[in-house]
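Here the structure comes first, spelled out in structure tokens, and everything after it is commentary.
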Amino acid sequence: MIKAFDNEDIKRWAHFSGDYNGIHFDAELARKNGLRDIIIQGMLALTEAKIQLCPRVDKPSTIHFYLKEPVARDTDIHYQLCARPGGYFCSASTSDKTCITGRLKVGIPGAIARAATPVDIDNRFIYEQLTLLRMLFPDMKESWILMDAFLFSVCFKYQHGDPFFMKAKKITRQPDKSRVVTYQVDQTIILTDGIFNYDFTDLAGLTFYFQDRDIIKEDFSVYSILDYQVYYHQKLLFQSSMGSVTRASLNEGQQ
């Protein structure tokens, strides 16, 4: 499967998710950060890999993705899926680099701690976002992919403030928002048996939890993981853990 994402695809994903990171829209900013052009959102690049995995996912499973290289707009991406001992493996490559690797493994961790912070999400927001997602991305049909994309939109649209700019403020006292750049670098998804039959008709049965973990801090960057969990009638339904690197450049003259 070969697919390329253009400016309209970038805009559609941003409209749904709220991810308007400048390196997806501003070519000059992208070049200042060592990129040759505007890059597509990491989650957008992952959508095709997830769609290809869907026919192989029918029982509790864990999926690991690694985003190894950013992908410029209008670049052909070759998605591949193969079965090997230990599960299904997927990859996505441009003409010269591997940009995504992933593995689907049957089974989930035995003990999963509940994330620290409950998030009270209005049912109207859930309904509106799922309606928008189905309209903009009709190929995303399975419940776990819909839930995965929805949780990403919670980060940018529902929880107030720019979470990655707030991380930059931890590193530098007065960061210039135009100099704050975030790259998604990995994702781990946990699918329980309940997610395969969930059809979003009982929104009242859903509860959401969130946790923001800074794993590695350096002088002007931080690698962090955002955990989102969904419980259905107090039983874990779905979990997404998204790893990202946020970098903050100093203003001229700032110490």
**Request:** Verify the ring-centre separation between Trp13 and Phe5: is it less than 6.0 angstrom?
**Result:** no
**Request:** Cation-pi check, Arg114 to Tyr231: give yes when NZ or CZ is under 6.0 Å from the six-membered ring centre and within 45° of the ring axis, no otherwise.
**Result:** yes
**Message:** Under a plain distance cut-off of 3.5 Å, with no hydrogens placed, do Thr246 and Thr182 share a side-chain donor-acceptor pair?
**Reply:** yes
**Request:** Decide if the gap between the ring center of Tyr228 and the ring center of Phe208 is smaller than 6.0 angstrom.
**Result:** no
**Prompt:** Under 3.5 Å, is there a donor-acceptor pair linking the side chains of Asp227 and Ser241?
**Reply:** yes
**Message:** Can a side-chain donor-acceptor contact be found between Ser153 and Gln129 if the only test is distance below 3.5 angstrom?
**Reply:** yes
**Prompt:** Do the side-chain N and O atoms of Thr117 and Gln211 include a donor-acceptor pair separated by under 3.5 angstrom?
**Reply:** no
**Residues Asp96 and Thr94: side-chain donor-acceptor under 3.5 angstrom** = yes
**Request:** Run the salt-bridge test on Asp37 and Arg73 with the 4.0 Å N-O cut-off and return the result as yes or no.
**Result:** yes
**Request:** Check whether more than 12 heavy atoms from other residues, nucleotides or ligands sit under 6.0 Å from atom CZ of Arg134, and answer yes or no.
**Result:** yes
**Asked** Any donor-acceptor pair under 3.5 Å linking the side chain of Asp193 with the backbone of Ile195?
**Response** no
**Asked** Which class fits the ring pair His64 and Tyr66: parallel under 30°, tilted 30 to 60°, perpendicular over 60°?
**Response** parallel
**Request:** Just say parallel, tilted or perpendicular for the rings of Tyr158 and Phe125, cut-offs at 30° and 60°.
**Result:** tilted
**Request:** Rounded to the nearest 0.5 Å, what's the gap from OG1 on Thr98 to NE2 on His78? Could you check?
**Result:** 11.0 Å
**Prompt:** Is Ile112 linked to Met147 within one hydrophobic cluster, defined over Ile, Leu, Val, Met, Phe, Trp and Tyr using a side-chain heavy-atom separation of less than 4.5 Å?
**Reply:** no
**Message:** I'd like to know if the side chain of Tyr127 pairs up with that of Asp122 as donor and acceptor (distance under 3.5 Å, no hydrogens or angles considered).
**Reply:** no
